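Written below as structure tokens is the structure these notes are about.
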Amino acid sequence: MEFVGIIVAVSNLEEKQGSTQPNNQASIQCFRDIVVQTQEEFPKGICATLKGDAARNFSLTEGTKVRVFFEPRVNQSKASGKWFTSCHAWRIDACWTHPVPPYKTTPKIRDFRGPRREGEKKITIV
């Protein structure tokens, strides 16, 4: 899934030590939260979480228009037993920021057929 919006806030890189390895070897996990506001009639703020190398290498700043590719996840809190949804972003790309000139669809066509007969109109599209 994906959405387009403008970055409103970027959190600092968080490093947590955990054991995700099968042999209980300690590993460091990196997280970064990015809040993106959608560009709709009624804008919504969406907090997306980057993990691992994507979080380490993230270099975009607030105010940048981005396309966020994400995977929604439904989790259950072990402490309270409540369900919640998180937005795991696996890629965030900056959108084209320069205005693209409008494409001119009207071609310039001129009629070079030579002399016309009486009553025939000249065809010229400019």
Side-chain angles (χ1 to χ4, degrees):
M1 299 177 83
E2 64 184 74
F3 64 91
V4 175
I6 296 175
I7 295 176
V8 177
V10 178
S11 72
N12 292 329
L13 186 67
E14 295 178 35
E15 293 183 349
K16 294 182 182 178
Q17 205 165 14
S19 58
T20 58
Q21 310 282 328
N23 57 4
N24 285 338
Q25 194 175 26
S27 63
I28 296 175
Q29 299 174 0
C30 297
F31 299 93
R32 188 184 299 259
D33 289 331
I34 292 93
V35 179
V36 178
Q37 187 173 23
T38 61
Q39 295 180 314
E40 302 171 335
E41 183 179 356
F42 301 104
K44 297 169 188 70
I46 299 173
C47 180
T49 303
L50 284 170
K51 295 181 181 180
D53 289 338
R56 280 188 202 96
N57 301 330
F58 187 78
S59 61
L60 299 174
T61 59
E62 295 177 8
T64 305
K65 186 175 180 181
V66 292
R67 180 177 306 273
V68 180
F69 298 89
F70 72 99
E71 175 183 306
R73 295 186 177 175
V74 178
N75 302 312
Q76 184 178 18
S77 172
K78 292 178 184 176
S80 64
K82 294 184 178 181
W83 292 88
F84 64 95
T85 305
S86 62
C87 177
H88 171 67
W90 51 273
R91 188 168 115 199
I92 298 180
D93 293 336
C95 290
W96 186 257
T97 55
H98 302 293
V100 178
Y103 181 72
K104 210 169 189 181
T105 56
T106 309
K108 292 185 177 182
I109 300 174
R110 296 200 172 139
D111 184 16
F112 296 105
R113 290 185 287 169
R116 290 169 185 55
R117 298 182 207 142
E118 285 183 26
E120 188 177 4
K121 293 182 179 180
K122 181 180 177 183
I123 301 173
T124 304
I125 300 174
V126 179

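Remember, predicted model here, so these are calculated numbers, not experimental data.
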Would you indicate whether the side-chain heavy atoms of Cys87 and Ile46 approach each other to under 4.5 Å? yes
Is it the case that over 12 heavy atoms from other parts of the model lie below 6.0 angstrom from the CG atom of Asn57? yes
Partner of Leu50 under side chain to side chain contact (heavy atoms under 4.5 Å, CB included), chosen from Phe31, Phe58, Trp90: Phe58
Any idea which heavy atoms bring [X] and [Y] closest together, and the distance?
| X | Y | result |
| --- | --- | --- |
| Cys30 | Leu13 | CB-CD1, 3.9 Å |
| Val8 | Glu62 | O-CD, 3.3 Å |
| Asp93 | Leu60 | C-CD1, 4.5 Å |
| Cys95 | Val4 | SG-CG1, 4.1 Å |

Say you draw a straight line from [atom1] of [X] to [atom2] of [Y]; how long is it, rounded to the nearest 0.5 Å?
| X | Y | atom1 | atom2 | value |
| --- | --- | --- | --- | --- |
| Glu14 | Gln29 | CD | CD | 11.5 Å |
| Arg91 | Phe70 | CZ | CZ | 14.0 Å |
| Arg32 | Asn12 | CZ | CG | 7.0 Å |

Check the hydrophobic clustering (I, L, V, M, F, W, Y; side-chain heavy atoms under 4.5 Å; chains of links allowed) and say if [X] and [Y] are grouped together.
| X | Y | answer |
| --- | --- | --- |
| Phe69 | Met1 | no |
| Phe3 | Ile92 | yes |
| Val36 | Val10 | yes |

Qualifying residues under side-chain hydrogen bond (donor to acceptor under 3.5 Å, both in side chains), relative to Glu71, sequence neighbours excluded: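 Residues passing side-chain hydrogen bond (donor to acceptor under 3.5 Å, both in side chains) with Glu71: Arg73.
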Using a 3.5 Å distance criterion without hydrogens, assess whether the side chain of Thr38 forms a donor-acceptor pair with backbone atoms of Lys44.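 Pair found, side chain donor or acceptor close to backbone of Lys44.
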